[in-house]
J.: 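First the structure, then my questions, so here it is.
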Amino acid sequence: MAYQLRCDSCEFDREYSDWAEANRYASEHEAEYGDHWVTIRDLQEA
């Protein structure tokens with residue numbers, strides 16, 4: 001599967017093939033930038 005990460009406050013927009021990896025990078029981004037929110041979208045459902 002493929003997952004797209006997109007931040008609501010900056011240009012952070014990436015794709016990962018593994019859910020755990022996508023979730024880890026989203027959490028790290030939100031921890032680094034406390035006012036940012038990252039959405040993880042399953043590209044198979046698009």
J.: Nearest heavy-atom pair of W19 and Y3: which atoms, and what distance?
T.: N-CE1, 3.5 Å
J.: Can you tell me how far apart CG (L5) and NE2 (H29) are? Round to the nearest 0.5 Å.
T.: 9.0 Å
J.: Verify, without hydrogens or angle tests, whether D8 (side chain) and W37 (backbone) share a donor-acceptor contact under 3.5 angstrom.
T.: yes
J.: Please give me the minimum heavy-atom distance between F12 and Y25, naming the atom from each residue.
T.: CZ-O, 4.3 Å
J.: Quick check for you: to the nearest 0.5 Å, what is the distance between E30 atom CD and C7 atom SG?
T.: 7.5 Å
J.: Do L43 and E15 have side-chain heavy atoms sitting under 4.5 Å apart?
T.: yes
J.: Is the shortest heavy-atom distance from the side chain of Q4 to the side chain of I40 under 4.5 Å?
T.: no
J.: Using side-chain contact (heavy atoms from CB on, under 4.5 Å), reason through M1 and D42 one step at a time and then give a plain yes or no.
T.: CA-CA 8 Å; M1 286 203 199; D42 183 348; 3.6 Å; yes
J.: Which label fits H36 and Y33: parallel for a plane angle under 30°, tilted from 30 to 60°, or perpendicular past 60°?
T.: parallel
